[in-house]
2 protein chains.
Amino acid sequence: MIKHKKNITIYDIAKKANVSPTTVSRVLTGSPLVKESTRQLVRNIMDEVDFTPNEAARNLITKQTNTIGFILPDITNPFFSQVYIEVERKALELGFNILLRNSMGRSEVESQYLKEFTEKRVACIVFMGGRINKSNPSDQEVNEILEVMNKVPIIMVNGKMKGVNCYRIRTNEEMGIDLIIDHLIELGHKEIALIGGIKGITSTDCKTVAFKRAMKKYNLKFIQDWVIPTGFSIEDGKAAMKQLLQNKQLPTAILGINDLVIYGAIRECREQKIPTSTFSFTGFDDIFPSDIVHPSLTTINHNYDILTSEIVKVIQNLKDGKVGIKGKIIDTKLVIRESTRKV
Amino acid sequence: MIKHKKNITIYDIAKKANVSPTTVSRVLTGSPLVKESTRQLVRNIMDEVDFTPNEAARNLITKQTNTIGFILPDITNPFFSQVYIEVERKALELGFNILLRNSMGRSEVESQYLKEFTEKRVACIVFMGGRINKSNPSDQEVNEILEVMNKVPIIMVNGKMKGVNCYRIRTNEEMGIDLIIDHLIELGHKEIALIGGIKGITSTDCKTVAFKRAMKKYNLKFIQDWVIPTGFSIEDGKAAMKQLLQNKQLPTAILGINDLVIYGAIRECREQKIPTSTFSFTGFDDIFPSDIVHPSLTTINHNYDILTSEIVKVIQNLKDGKVGIKGKIIDTKLVIRESTRKV
DNA sequence: TTGTACGCGTTATCAG
DNA sequence: CTGATAACGCGTACAA
């Protein structure tokens, strides 16, 4: 790495200003215990020599940072970026900045970043996706979380771990599924499929359970061939739709584990020259493209503002040394667009 | 903030292991100058007492970080997140991690983050959007960049600043426009509009100039009322389309400053019950929704892999102390989908 | 209102 | 292969 000029320190400033390093430090921290004239003098010299304080030195002595570690699977997924950007905005107002790490859902990457965060002495960690969404995480995955929690508080968003008593904020996914089914029933649908997701991932398992329960509630028959857990991506949605279309009997409504799989499902219909109006489609997450695809997507919105506010509220409490409530469930809301219609 | 247990340092480890702190440090840095048995001993004790080295202390003494500061307007915009994630992945292989900051295109936010980056002693700064896209940045904006460059190298992506001799990687936007116009001409289009963007932003100015030049080349008339620079968002695209539709005479093809504005334009057509097949639409950027909207969008791809590789190549050179080439232009490529057809 | 002296936790230097 | 000692740059009791 290219070497830069000699580092300028508060000692250099102090010498030039004929004051002590302490005074310079006080100017830096904005202490009121400095005469206005000397403050100006010091400031001027700082500007003059282009002084930049060293954050590492400050962190070392103060033993804290204003950094929040944020682990999520993939920031290019609009669901995560929507949550991320809102948390960032709100945390900024509290004086925190965020360190983002993309785990790609891989456990060993998560481990690496958890280690990095503890070495950096972050104020707290916000965790989304990956291991905290596994219905059965490994002992090692759990223990690692517990060890980290010994040093830095963890906030799990839309996830949990058996035996791990950390802060948890989660959207009410069951409620979301109920809202969708109610809506479809109202439109006269009786034959409903569920595509996408992966068994063993809580968001999938949880939605599947809610789906079965809701179907039962309305006395509708649950057809195993219409539940196709292929994954969470657009491609996975395509694949699921392809598979679904091979059934002799077809549903009238298709429920996606998230918005992305429905984008894929709709595209698959187009490629097979099947009118998209053949089915009613519903997504989950209400990410931004759902408003611009055609047909625009009826889906479940996470109440992002409330969700992210609750995350930041925990951070605020942590900062203030308050304990606060450890678990919080956020209501979801149905957003009706063009993709659902009367049967 | 909640207080944790007393910090464990290499001194504590040293005492327990009956070795010197130096030896512990050597284990930490992976120095070969340690007997294997003592290395194991030290490692065991570290695990036992759950020791986590303090990065601030390390950064303070080594005077460097493996962090790359990354400023971009908004990570929720797929264009930026696509570039970001690729740079992150490639930089990771070089041992760098990335510190992301969203400027929202606001100059004062950029200033704040530039300051943060220099205080953090980041290895280099990757800069996208905001002031580096202004055709006429203020003196202050330029000077600030120059001052920062005195301390840390800056890589500008798709931007430049007069009188600022930093590393620059940019996509060949003119080429992109040429490719689009050639394609439209081939399809028989002669009446072409350009919507979106903002005057004074280089990406807009640059594309507009290329557009005019291409039109002239084919002896097509440039109609001022068909150039509608409303902005860069979906909403801005809607607004532009609304305005365009008020013209008595309409174009047969509509060229968007980016993909997002075309999403908006298409939606506006739908809302006004105008068949989307009335026009041929072209975008710019080839962000992921362009493949799933309907009609899917003919657009210009930035060659993201090459673009991001070039960014990381500069970082690599910086790390190795090489100088390398300061400017690099990346070819673009046309992606033909459903939104363009014969006139 | 200002200054002295020390500590934060690690790596670098040099000696053994 | 190991250790003693000195940095790194800043904040903070405590003293003046």
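This structure is a prediction, so every number in the text was calculated from the model and none was measured. Proteins get letters first, then strands, A, B, ... in listed order; numbering begins at 1 in each.
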Inset, instruction - Classify the side-chain pair B:Lys120/B:Thr65 by whether it contains a donor and acceptor separated by less than 3.5 Å. - result: no
Inset, instruction - Output the distance between atom CD (B:Glu310) and atom OG1 (B:Thr171), rounded to the nearest 0.5 Å. - result: 12.5 Å
Inset, instruction - Let me know the distance between NZ of A:Lys15 and P of D:dC10, rounded to the nearest Å. - result: 14 Å
Inset, instruction - Check A:Met149 against A:Asn165 and note the closest heavy-atom contact, atom names and distance. - result: CE-O, 3.7 Å
Legend entry - Pair B:Thr62, B:Arg121: side-chain N/O donor-acceptor within cut-off below 3.5 Å: no
Inset, instruction - For DNA chain D, find the residues of residues 25-43 of chain B with a heavy-atom distance under 4.0 Å and give them by number; none if there aren't any. - result: B:Arg26, B:Leu33, B:Val34, B:Lys35, B:Thr38
Inset, instruction - Find the distance A:Ile10:CD1 to C:dT2:P and express it as a whole number of Å. - result: 15 Å
Inset, instruction - Taking only the side-chain nitrogens and oxygens of A:Thr9, find out if one of them lies under 4.0 Å from OP1 or OP2 of D:dG9. - result: no
Legend entry - Rounded distance (Å) that lies between atom C1' of C:dG9 and atom CD of A:Gln64: 16 Å
Legend entry - 5' priority, DNA chain D, between B:Ile61 and A:Ile61 [closest heavy atom]: B:Ile61
Legend entry - Atom pair distance, as rounded to whole Å: OH in A:Tyr11 and P in D:dG11: 11 Å
Inset, instruction - Check every strand shown and say whether B:Val24 touches a base, only sugar-phosphate, or nothing at a heavy-atom separation below 4.0 Å. - result: nothing
Legend entry - Reported CG-to-CG distance for the pair A:Asn158 and A:Leu72, which is rounded to 0.5 angstrom: 12.0 Å
Inset, instruction - Taking only heavy atoms on the protein side, list every residue of residues 50-60 of chain A lying under 4.0 Å from any atom of DNA chain D, sorted numerically. - result: A:Phe51, A:Pro53, A:Asn54, A:Ala57, A:Arg58
Legend entry - Any A:Arg89 side-chain heavy atom under 4.5 Å of A:Thr308 side chain: no
Inset, instruction - Go through the side-chain N and O atoms of B:Gln316 and B:Asp320 and say whether any donor and acceptor fall under 3.5 Å apart. - result: yes
Inset, instruction - Specify the separation, in whole Å, of atom CD1 of A:Ile13 and atom C1' of C:dG3. - result: 18 Å
Inset, instruction - Could you name each residue pair satisfying ring-ring contact (aromatic ring centres under 6.0 Å, His included) that touches residues 57-81 of chain A, not counting sequence neighbours? - result: A:Phe70-A:Tyr84, A:Phe79-A:His302
Inset, instruction - Have a look at B:Ile71 and tell me which of B:Val126, B:Asn102, B:Leu114 forms a side-chain contact (heavy atoms from CB on, under 4.5 Å) with it. - result: B:Leu114
Inset, instruction - Report yes if a side-chain nitrogen or oxygen of B:Asn7 is closer than 4.0 Å to either non-bridging phosphate oxygen (OP1 or OP2) of C:dC8; otherwise report no. - result: no
Inset, instruction - Indicate whether OP1 or OP2 belonging to D:dG3 is found under 4.0 Å from a side-chain N or O atom of B:Thr23. - result: yes
Inset, instruction - Using whole Å, report how far NZ of B:Lys63 lies from P of D:dC10. - result: 11 Å
Legend entry - No-H, no-angle donor-acceptor pair, A:Thr22 side chain to C:dT4 base, under 3.5 Å: yes
Legend entry - Between P of D:dC10 and NZ of B:Lys120, the distance in whole Å: 15 Å
